[in-house]
Amino acid sequence: MNIKVEIRENDSNHAKVVVGGEIDAYTAPKLKEALSEFLNQENFWLQIDLAEVSYMDSTGLGVFVGLFKNLRAKKSELELVGLSNRIYRLFEITGLTDIIEIKNVEGEMNGNNA
């Protein structure tokens, strides 16, 4: 099981991160560690591209919930993009689509689901 986390852009106001592979109990700690550098940023916008994620379980959801809470406490924003329909469904059935901004879901016509 592999995970790839690549920071594509990072400046004082925003960052763009691309994640690929599988997010599960084995790989979630690596993802959490890679994203931890953004936790103390105030008034920050973090976009995470999940287009290359092939699988995610509840451990992965937990990483994003924790990240969202920490960012929100610092008046920062989290945006997830590029989710496959399968991964979007995980966020949807847990109600997370109501609190986390999600855009550009696979097969979506208008590109905005939030």
Side-chain angles (χ1 to χ4, degrees):
M1 295 182 206
N2 291 326
I3 189 167
K4 173 189 80 166
V5 182
E6 179 183 335
I7 298 170
R8 294 247 173 108
E9 294 177 30
N10 189 4
D11 65 31
S12 62
N13 295 339
H14 81 285
K16 188 179 271 187
V17 177
V18 176
V19 180
E22 299 179 357
I23 306 172
D24 58 23
Y26 298 104
T27 60
K30 182 178 178 184
L31 176 61
K32 189 174 182 178
E33 180 181 332
L35 297 173
S36 68
E37 72 177 86
F38 303 111
L39 296 181
N40 293 319
Q41 303 273 6
E42 292 191 20
N43 299 312
F44 193 75
W45 176 75
L46 177 61
Q47 181 185 68
I48 301 177
D49 186 338
L50 300 175
E52 297 176 26
V53 173
S54 58
Y55 173 82
M56 183 165 51
D57 67 12
S58 61
T59 312
L61 289 175
V63 169
F64 291 110
V65 169
L67 179 64
F68 173 79
K69 286 181 178 182
N70 281 301
L71 289 172
R72 184 56 58 108
K74 298 284 187 176
K75 298 190 181 348
S76 295
E77 297 295 324
L78 173 64
E79 178 182 84
L80 304 178
V81 298
L83 283 70
S84 68
N85 288 325
R86 172 185 270 177
I87 292 175
Y88 176 78
R89 183 82 174 118
L90 288 174
F91 283 89
E92 187 176 46
I93 62 175
T94 57
L96 293 173
T97 55
D98 295 333
I99 61 167
I100 297 175
E101 188 169 352
I102 298 174
K103 293 185 176 180
N104 300 326
V105 175
E106 175 184 281
E108 187 179 11
M109 296 302 287
N110 66 5
N112 185 354
N113 224 4

Exercise. Calculate, to the nearest 0.5 Å, the distance between atoms NZ and CG belonging to Lys69 and Leu78 respectively.
Key: 13.5 Å
Practice problem: Going by the side chain to side chain contact (heavy atoms under 4.5 Å, CB included) test, name the single residue among Asn10, Ile7, Leu31 that passes it with Val17. | Solution: Ile7
Exercise. State plainly whether one hydrophobic cluster holds both Tyr88 and Val18, where clusters connect Ile, Leu, Val, Met, Phe, Trp and Tyr through side-chain heavy atoms under 4.5 angstrom apart.
Key: no
Practice problem: Over 60° means perpendicular and under 30° means parallel, so classify the ring planes of Phe38 and Phe44, tilted if in between. | Solution: parallel
Exercise. Give the cluster check for Val63 versus Leu39: same hydrophobic cluster or not, with ILVMFWY residues linked at side-chain heavy-atom distances below 4.5 Å.
Key: yes
Quiz item: Do Leu83 and Val5 share a hydrophobic cluster (ILVMFWY, side-chain heavy atoms under 4.5 Å, transitive)?
Solution: yes
Quiz item: Once you round to the nearest 0.5 Å, how far does CG of Asp98 lie from CD of Glu92?
Solution: 9.0 Å
Quiz item: If you round to the nearest 0.5 Å, how far is CD1 of Ile87 from CG of Leu61?
Solution: 9.5 Å
Quiz prompt | CD1-NZ distance between Ile23 and Lys32, expressed to the nearest 0.5 angstrom | solution = 13.5 Å
Exercise. Decide yes or no for Leu96 and Phe68: does some side-chain heavy atom of the first lie under 4.5 Å from some side-chain heavy atom of the second?
Key: no
Atom pairs and distances, donor-acceptor, side-chain atoms in residues 46-54, under 3.5 Å, two or more places apart:
unit_1 : atom_1 : unit_2 : atom_2 : d
Gln47  : NE2    : Glu79  : OE1    : 2.6
Asp49  : OD1    : Ala51  : N      : 2.8
Glu52  : OE1    : Lys4   : NZ     : 2.6
Ser54  : OG     : Gly21  : O      : 3.3

Exercise. Could you tell me which non-hydrogen atom of Pro29 sits nearest to which non-hydrogen atom of Asp24, and how far apart they are?
Key: CD-O, 4.5 Å
Quiz item: What are the two closest heavy atoms between Gln41 and Lys74, and how far apart are they?
Solution: O-CB, 3.3 Å
Quiz item: Rounded to the nearest 0.5 Å, how far apart are CG of Asn2 and CD of Glu22?
Solution: 8.0 Å
Self-check item: ILVMFWY cluster, Trp45 and Val81 together (side-chain gap under 4.5 Å)
Solution: no
Quiz item: Any salt bridge between Glu33 and Lys30, counting N to O under 4.0 Å?
Solution: no
Quiz item: Which pair of heavy atoms, one from Ile102 and one from Val105, lies closest together, and at what distance?
Solution: CG2-CG2, 3.8 Å
Quiz item: Is it the case that one hydrophobic cluster holds both Ile99 and Met56, taking links as side-chain heavy atoms less than 4.5 Å apart, direct or via other members?
Solution: yes
Practice problem: Starting at CG of Leu71, measure out to CZ of Phe64 and round the result to the nearest 0.5 Å. | Solution: 11.5 Å
